[in-house]
Amino acid sequence: MRLRVARHTTDLNKMIAFYQDVLGFRQLGAFEDHSSYNGVFLGLPGENWHLEFTVSPDHPQHHPDEDDLLVLYPESKEVFTKMLSKARKAGAEEVKAKNPYWNKHGVTIVDPDGFRVVLVMVH
């Protein structure tokens with residue numbers, strides 16, 4: 001089984017910059033003008049998952065809340081530290097998680113669309 005998480009956005013370039021340049025994902029593919037949609041696939045080569053972000057003339061009607069989370073488990077403490085450092089340098093907003101578990105085990109940041117991403121610390 002493969003997993004794709006797809007989300008519509010208003011600014012594809014901001015999403016690419018955040019997930020690629022800040023979090024270290026790679027662009028695995030892209031498409032243009034597919035029934036008025038443009039999109040990008042971001043993930044890590046060789047993994048069975050990726051994120052898809054799309055734009056079209058229709059704007060998304062997102063209403064992210066504090067429990068809408070994308071949880072990432074970096075492979076090492078060094079990778080965690082590097083990701084968090086890049087996020088801070090890029091000005092990503094850090095927020096307290098609603099669920100105290102995530103505050104104890106990681107750091108929650110906000111992506112350009114207002115959705116939360118938890119970076120879990122490796123012990």
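Everything quoted here is computed from the prediction, not taken from an experiment. Residues: numbered from 1 along the sequence shown.
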Any heavy-atom pair between the side chains of [Y] and [X] that's under 4.5 Å?
X: Glu78; Y: Lys82; value: no
X: Leu44; Y: Trp49; value: yes
X: Phe115; Y: His62; value: yes

**Request:** State, to 0.1 Å, how close Val117 and Tyr19 come at their nearest heavy-atom pair, and which atoms those are.
**Result:** CG2-OH, 3.5 Å
**Prompt:** Which atom pair, heavy atoms only, marks the closest approach of Val122 to Pro74?
**Reply:** CG2-O, 2.9 Å
If hydrophobic clusters are built by linking Ile, Leu, Val, Met, Phe, Trp and Tyr wherever their side-chain heavy atoms come under 4.5 Å apart, do [X] and [Y] end up in the same one?
X: Leu3; Y: Val71; result: no
X: Val95; Y: Val118; result: no
X: Leu69; Y: Leu84; result: no
X: Leu70; Y: Leu42; result: yes

**Request:** Let me see the working for Met83 and Leu72 under side chain to side chain contact (heavy atoms under 4.5 Å, CB included), right down to the final yes or no.
**Result:** CA-CA 10 Å; Met83 290 172 80; Leu72 304 176; 4.0 Å; yes
**Request:** Using atom types as modelled and distance alone, determine if a side-chain donor or acceptor of Arg116 lies under 3.5 Å from a backbone N or O of Asp65.
**Result:** no
**Item:** Whether Ser85 side chain and Thr81 backbone form a donor-acceptor pair below 3.5 Å
**Value:** no
**Request:** Check the pair Ile16 / Phe53 against side chain to side chain contact (heavy atoms under 4.5 Å, CB included), numbers first and verdict last.
**Result:** CA-CA 8 Å; Ile16 292 169; Phe53 294 102; over 6 Å; no
**Item:** Qualifying residues under side chain to side chain donor-acceptor pair (under 3.5 Å), relative to Glu66, sequence neighbours excluded
**Value:** none
**Request:** For Asp21, check side-chain contact (heavy atoms from CB on, under 4.5 Å) against everything at least two apart and list the hits.
**Result:** Ala17
**Asked** When rounded to the nearest 0.5 angstrom, what distance separates CG in Leu119 from CD in Glu94?
**Response** 9.0 Å
**Prompt:** About how many Å separate OG1 of Thr108 and CG of Asn99, when rounded to the nearest 0.5 Å?
**Reply:** 9.0 Å
Under 3.5 Å, which donor-acceptor pairs link side chains of residues 4-11 to any protein atom two or more places apart or in another chain?
from  : atom 1 : to     : atom 2 : distance (Å)
Arg4  : NE     : His50  : NE2    : 2.8
Arg4  : NH1    : Glu52  : OE1    : 3.2
Arg7  : NH2    : Asp111 : OD2    : 2.4
His8  : ND1    : Thr54  : O      : 3.3
His8  : ND1    : Thr54  : OG1    : 2.8
His8  : NE2    : Ser56  : OG     : 3.0
His8  : NE2    : Asp58  : O      : 2.7
Thr9  : OG1    : Asp11  : N      : 3.4
Thr9  : OG1    : Asp113 : OD1    : 2.9
Thr9  : OG1    : Asp113 : OD2    : 3.0
Asp11 : OD1    : Asn13  : N      : 3.1
Asp11 : OD1    : Lys14  : N      : 3.0

With a cut-off of 3.5 Å and sequence neighbours excluded, list every side-chain donor-acceptor pair involving residues 22-40.
from  : atom 1 : to    : atom 2 : distance (Å)
Asn38 : OD1    : Asp33 : N      : 2.6

**Fill in**
Those residues at least two apart in sequence (or on a different chain) that pass salt bridge (Lys or Arg N to Asp or Glu O under 4.0 Å) with Glu47 are none
**Request:** Identify, with sequence neighbours excluded, every residue that meets salt bridge (Lys or Arg N to Asp or Glu O under 4.0 Å) alongside Lys98.
**Result:** Asp67
**Request:** Report the C-alpha distance between Met1 and Asn48 in whole Å, list the side-chain angles of each, state the deciding distance to 0.1 Å, and finish with yes or no for side chain to side chain contact (heavy atoms under 4.5 Å, CB included).
**Result:** CA-CA 7 Å; Met1 179 183 295; Asn48 286 331; over 6 Å; no
